[in-house]
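I have placed the structure first, in the form of C-alpha cells, so that the comments after it can refer back to it.
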Amino acid sequence: MTKDELSQLRYLDKEIKYLKRQIERLSYEIQNVNQIISDTPKGSNNQNKTESIAIDLADYKSLLEVNVRRYWQEKEKIERFIGSLEDSKLRLIMRLRYINGLRWQEIAFEIGHYDESYPRRLHNKFLKNINRADYADSSVIN
C-alpha cells in the first residue's frame with residue numbers, strides 16, 4: 001500500500017466535512033428564502049431560487065452519502081493493512097497517522113519520543129521497503 005492510498009482516508013474525511021458545511025449553508029439559505037417567499041406576492045422569482053437550492057441540497061446530500069460509504073470502505077481496507085503488520089510500534093505509528101490523523105510531533109509523544117523525525121523515519125523506511133518489494137514482485141510476474 002502506498003502513502004497516497006493510506007492518505008485517502010484523511011482526504012475523504014476533509015471532503016465529508018466540506019459537504020456537511022455546504023449542506024448546512026444550503027439548509028440555512030433555503031429557510032431564509034422560504035421566509036422571504038411568505039412575505040412576497042405570488043409569482044415572484046423566489047420560488048425558482050428555492051427549487052434551485054433544494055436541488056443543490058439534494059445533490060450534496062447524495063455526495064455525502066457516497067463519500068461516507070467510501071470512507072468506511074477505505075478505513076476498513078487501511079485497518080486490515082495496518083493489522084497485518086508484524087511490528088507493533090509500526091502498527092501504532094501507522095494507525096495514529098492514517099486512522100487518527102495525528103501530526104508527526106503528536107505521534108512521537110504518543111510513542112514516548114520527543115523527536116518527530118523518529119516515527120517519520122520508521123514510517124518512511126517501512127513504506128520504501130514495502131514499495132520496493134511490491135515493485136520486485138511485479139517485475140518478476142512481468
Side-chain angles (χ1 to χ4, degrees), residues 1-40 43-142:
M1 186 165 274
T2 67
K3 186 176 180 180
D4 287 340
E5 290 172 315
L6 290 165
S7 297
Q8 283 303 304
L9 196 61
R10 179 180 299 168
Y11 291 113
L12 277 168
D13 185 50
K14 287 180 181 192
E15 191 174 3
I16 288 168
K17 287 175 182 171
Y18 165 78
L19 292 170
K20 285 180 178 179
R21 284 192 310 270
Q22 291 299 96
I23 289 168
E24 208 173 282
R25 180 186 61 80
L26 288 170
S27 296
Y28 177 77
E29 199 173 316
I30 207 164
Q31 288 174 352
N32 286 341
V33 170
N34 284 336
Q35 285 177 343
I36 293 170
I37 287 176
S38 66
D39 295 339
T40 58
S44 78
N45 212 10
N46 287 332
Q47 190 64 36
N48 291 339
K49 184 168 176 124
T50 302
E51 289 172 13
S52 174
I53 295 170
I55 290 168
D56 288 347
L57 187 58
D59 288 345
Y60 277 113
K61 286 181 177 180
S62 265
L63 279 172
L64 178 63
E65 187 178 313
V66 167
N67 280 324
V68 166
R69 233 178 291 121
R70 282 182 187 156
Y71 176 89
W72 290 110
Q73 289 169 347
E74 202 62 36
K75 184 175 182 182
E76 182 182 332
K77 185 169 86 172
I78 292 169
E79 284 280 11
R80 277 195 314 268
F81 171 74
I82 292 171
S84 73
L85 302 178
E86 296 290 324
D87 186 303
S88 60
K89 186 186 298 184
L90 187 57
R91 274 197 314 272
L92 180 59
I93 290 169
M94 299 296 273
R95 185 165 283 114
L96 292 171
R97 181 69 177 173
Y98 294 109
I99 302 296
N100 297 5
L102 298 185
R103 295 185 320 265
W104 290 115
Q105 185 65 53
E106 296 170 313
I107 294 169
F109 286 142
E110 191 69 33
I111 65 170
H113 286 266
Y114 298 100
D115 180 11
E116 71 181 54
S117 67
Y118 176 73
R120 188 187 333 228
R121 277 194 320 267
L122 290 176
H123 164 273
N124 290 345
K125 182 179 177 184
F126 168 75
L127 286 181
K128 186 176 178 181
N129 288 338
I130 195 169
N131 290 332
R132 213 182 269 155
D134 287 346
Y135 178 75
D137 288 345
S138 67
S139 64
V140 170
I141 293 170
N142 295 331

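As a basis for the values below, the full set of heavy atoms in this structure was taken, side chains included, without hydrogen atoms, waters or symmetry mates. Starting from 1, each residue takes its place in the sequence as its number.
Between Glu106 and Leu96, every side-chain heavy-atom pair lies at or beyond the 4.5 Å cut-off. Counting heavy atoms from C-beta outward, Arg103 and Glu116 have side chains that stay 4.5 Å or more apart. Here the side chains of Ile130 and Met1 are not in contact, with every heavy-atom distance at 4.5 Å or above. When side chains are defined from C-beta on, Leu9 does not count as touching Asp13, because their heavy atoms never get closer than 4.5 Å. Under the 4.5 Å side-chain criterion, counting only non-hydrogen atoms from C-beta, Asn48 is in contact with Glu51. For the pair Gln8 and Ile78, the minimum side-chain heavy-atom distance is 4.5 Å or more. By the 4.5 Å heavy-atom criterion applied to side chains, Asp87 and Met94 are not counted as neighbours. Using a 4.5 Å heavy-atom cutoff, the side chains of Val68 and Glu65 are not in contact.
Annotation: the span from Lys14 atom NZ to Leu19 atom CG amounts to 14.5 Å, rounded to 0.5 Å. Between the CG atom of Asn67 and the OG atom of Ser62 there is a distance of 11.0 Å, given to the nearest 0.5 Å. Ile82 contributes atom CD1, which lies 6.5 Å from atom CG of Leu6 (distance to the nearest 0.5 angstrom).
Remark: side-chain polar atoms of Gln105 are paired, donor with acceptor, to backbone N or O of Tyr114 under 3.5 angstrom.
The aromatic rings of Tyr60 and Tyr18 sit perpendicular, their planes meeting at an angle over 60°, well past the 30° parallel limit.
Residues meeting the side chain to side chain contact (heavy atoms under 4.5 Å, CB included) test with Asn124, sequence neighbours left out: Arg120. Applying the salt bridge (Lys or Arg N to Asp or Glu O under 4.0 Å) test to Glu24 and every residue at least two apart in sequence or in another chain returns nothing.
Considering His123, Glu79, Glu74 as possible partners of Tyr98, the one that fulfils the side chain to side chain donor-acceptor pair (under 3.5 Å) test is His123.
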Subject >> Check against side-chain hydrogen bond (donor to acceptor under 3.5 Å, both in side chains), Asp4 and Thr2 >> reply: CA-CA 5 Å; Asp4 287 340; Thr2 67; 5.2 Å; no
